[in-house]
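What follows is a single structure, written as structure tokens, with notes after it.
Side chains included, hydrogens not; waters and symmetry mates left out as well; all remaining heavy atoms used.
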Amino acid sequence: MDKKITVIGAANVDIIATPASAYVRGESNPGHVHIGYGGVGRNIAHNLCLLGTNVRFITAIGDDTSGAAMLADCRNVGMTVDPVLRIAGARSNYFICINDEHGEMQGGIADMELVNRLTADTVAEYIDVINAGDAVVCDCNIDETVLWLLSQRSAVPMYVDATSAAKAVKLLPLLSLPHRSPFIIKVNRAEAEALSGQTDVSLAARWFIEHGATRIYITLGSDGVLCRDCAGETRLEAIPITVVNVTGAGDAFMAAVVAAEARGATMNEAATQGLQAAAITLQCDNAVSDNIKLIN
């Protein structure tokens, strides 16, 4: 039977620009611009659909043509999009990213205000549906009150993607609370340091476990991943590939970990599948690669 997973987070239009050669600040750089649909939550949900899970995606979008197209796309890839808040008169969320010539992000601007309109009251109406599934996944674009609600009322494993160093601080109050169910966090190196204050990733991982996380996955780019639970830590190497675009790789990693663990995989097995998913996505122009289903 397909695992049932609820994802709560952001959906947006991605505009990703990659120069043809070394990026020159203050100049118009020839290159390639890709426009697609993204958002950490949406990307995770899309990947989970490709990995064969039954996905409910809860988000907020504008009532413009971009919002309507995103909603249709979510349904087309297999998500149940309910509830979705269509904010009257609002423009959809946008993420603009500038890469270097190797596809590595040099900077970006995320206009994600709409997702803050998704309230704890709205999500609370669906808590029984969430708890009837196998896991709930959140990104840190959503409001702190929604994260708090889920930490206290979720009866299924709760996975949180820190999203960015600036937004990761929303996790600090959750780390001091008791949880009804397993609490699993995915961060990158910068996010781990922002939360723990530790520059050494092993010490950072230990800090997360000591402060209430059941498992922690710290993605390290080309250095792979460090994962830890109460039994100890493991480091796994990244899969050598030629990078096309880094946007979405962390989301693919998270989705593969959630899908693997929902099916009974160990932490190390889940991390291995996460690295496979990230490697596939890194070789794709889009934030999500259809080839992700090859690791299933």
Side-chain angles (χ1 to χ4, degrees), residues 2-9 39-57 130 133-140 150 154 156-163 168 171 174 179 181-189 191-192 195 201 204-205 208-209 212-221 223-239 246-282 287-289 291-296:
D2 289 346
K3 297 299 180 180
K4 296 180 180 179
I5 297 172
T6 301
V7 180
I8 306 172
V40 172
R42 198 218 71 89
N43 292 345
I44 292 171
H46 189 167
N47 280 301
L48 283 167
C49 287
L50 293 171
L51 290 166
T53 63
N54 186 327
V55 179
R56 177 182 299 274
F57 181 41
I130 292 168
D134 297 284
V136 59
V137 188
C138 312
D139 69 39
C140 279
L150 292 167
S154 172
V156 296
M158 178 179 175
Y159 293 80
V160 184
D161 190 304
T163 305
L171 289 173
L174 304 189
H179 292 260
S181 59
F183 182 46
I184 303 99
I185 300 172
K186 194 277 285 182
V187 293
N188 63 24
R189 193 191 302 268
E191 293 156 359
L195 285 167
V201 290
F208 280 100
I209 300 303
T214 307
R215 285 182 295 285
I216 178 71
Y217 292 89
I218 305 178
T219 56
L220 306 170
D223 292 326
V225 63
L226 183 149
C227 43
R228 186 180 182 92
D229 59 13
C230 61
E233 75 171 41
T234 301
R235 288 178 184 250
L236 299 173
E237 294 184 358
I239 299 169
V246 299
T247 301
D251 308 332
F253 178 93
M254 181 64 151
V257 164
V258 174
E261 289 194 353
R263 293 173 176 140
T266 65
M267 179 178 70
N268 290 1
E269 291 168 342
T272 298
Q273 292 193 29
L275 289 171
Q276 292 170 350
I280 290 169
T281 306
L282 286 165
V288 177
S289 169
N291 289 332
I292 208 80
K293 58 192 172 188
L294 298 178
I295 70 168
N296 193 17

Indicate yes or no: at least one non-hydrogen side-chain atom of Arg189 is less than 4.5 angstrom from one of Asp223. yes
State, without any angle test, whether Asn43 and Asp251 hold a side-chain donor-acceptor pair at a distance under 3.5 Å. yes
Tightest non-hydrogen contact, residues Cys227 and Tyr217, listed as CB-CD2, 3.6 Å
Let me confirm one number: the CD-CD1 distance from Gln273 to Ile292, rounded to the nearest 0.5 Å. 10.5 Å
Kindly give the heavy-atom pair with the smallest separation between Val225 and Ala271, and that separation in Å. CG1-CB, 4.2 Å
How many angstroms lie between atom CD1 of Ile44 and atom SG of Cys49, to the nearest 0.5 angstrom? 12.0 Å
Looking only at heavy atoms, which two atoms of Ser289 and Ile280 are closest? And how far apart? OG-CG2, 3.5 Å
When rounded to the nearest 0.5 Å, the distance separating CZ of Phe208 from CZ of Arg228 is 12.5 Å
Given Ile184 and Val160, is the side chain to side chain contact (heavy atoms under 4.5 Å, CB included) satisfied, shown in steps? CA-CA 6 Å; Ile184 303 99; Val160 184; over 6 Å; no
Passes side chain to side chain contact (heavy atoms under 4.5 Å, CB included), Asp229 versus Thr214? Steps please. CA-CA 6 Å; Asp229 59 13; Thr214 307; over 6 Å; no
Is there side-chain contact between Val187 and Thr219, with heavy atoms separated by less than 4.5 Å? no
Could you check Val257 against Met267 for side chain to side chain contact (heavy atoms under 4.5 Å, CB included), going step by step and ending with a plain yes or no? CA-CA 8 Å; Val257 164; Met267 179 178 70; over 6 Å; no
Would you give the length of the straight line joining atom CD1 of Ile295 to atom NZ of Lys293, rounded to the nearest 0.5 angstrom? 12.5 Å
CG of Leu236 to CD of Glu269: how many Å apart, nearest 0.5 Å? 11.0 Å
Which of Thr53, Val258, Val55, Val136 passes side chain to side chain contact (heavy atoms under 4.5 Å, CB included) with Val7? Answer is Val55
Any idea which heavy atoms bring Ala249 and Ala278 closest together, and the distance? O-CB, 3.7 Å
Donor-acceptor under 3.5 Å (Asp139 side chain, Gly41 main chain): yes
Check whether any side-chain heavy atom of Gln276 sits under 4.5 Å from a side-chain heavy atom of Phe253, and report yes or no. no
Is the shortest heavy-atom distance from the side chain of Leu220 to the side chain of Val201 under 4.5 Å? yes
Min side-chain heavy-atom separation Glu261-Thr266 under 4.5 Å: no
Backbone N/O of Asp161 and side chain of Thr163: donor-acceptor pair under 3.5 Å: yes
Quick one: are Met158 and Leu174 in side-chain contact, heavy atoms under 4.5 Å? yes
After noting the C-alpha distance and the side-chain angles of Ile8 and Leu150, does the key distance pass the side chain to side chain contact (heavy atoms under 4.5 Å, CB included) rule? CA-CA 10 Å; Ile8 306 172; Leu150 292 167; 3.7 Å; yes
Using every non-hydrogen atom in the two residues, find where Ala238 and Gly221 come nearest and quote the distance to one decimal. CB-O, 3.7 Å
What I'd like to find out is whether the side chain of Arg56 reaches to under 4.5 Å of the side chain of Lys4, using heavy atoms alone. no
Give a yes or no on whether a salt bridge exists between Glu191 and Lys186, defined as a side-chain N under 4.0 angstrom from a carboxylate O. no
Whether the side chain of Ser181 engages the backbone of Val156 through a donor-acceptor N/O pair (distance < 3.5 Å, no angle test) should be reported. yes
If you measure only the distance, is there a donor-acceptor pair under 3.5 Å linking the side chains of Thr234 and Asn268? yes
Point-to-point distance, once rounded to the nearest 0.5 Å, from CG of Leu226 to CD1 of Ile218: 5.5 Å
Taking all atoms of both residues into account, what is the closest heavy-atom pair of Leu171 and Ala162, and its distance? CD1-CB, 4.2 Å
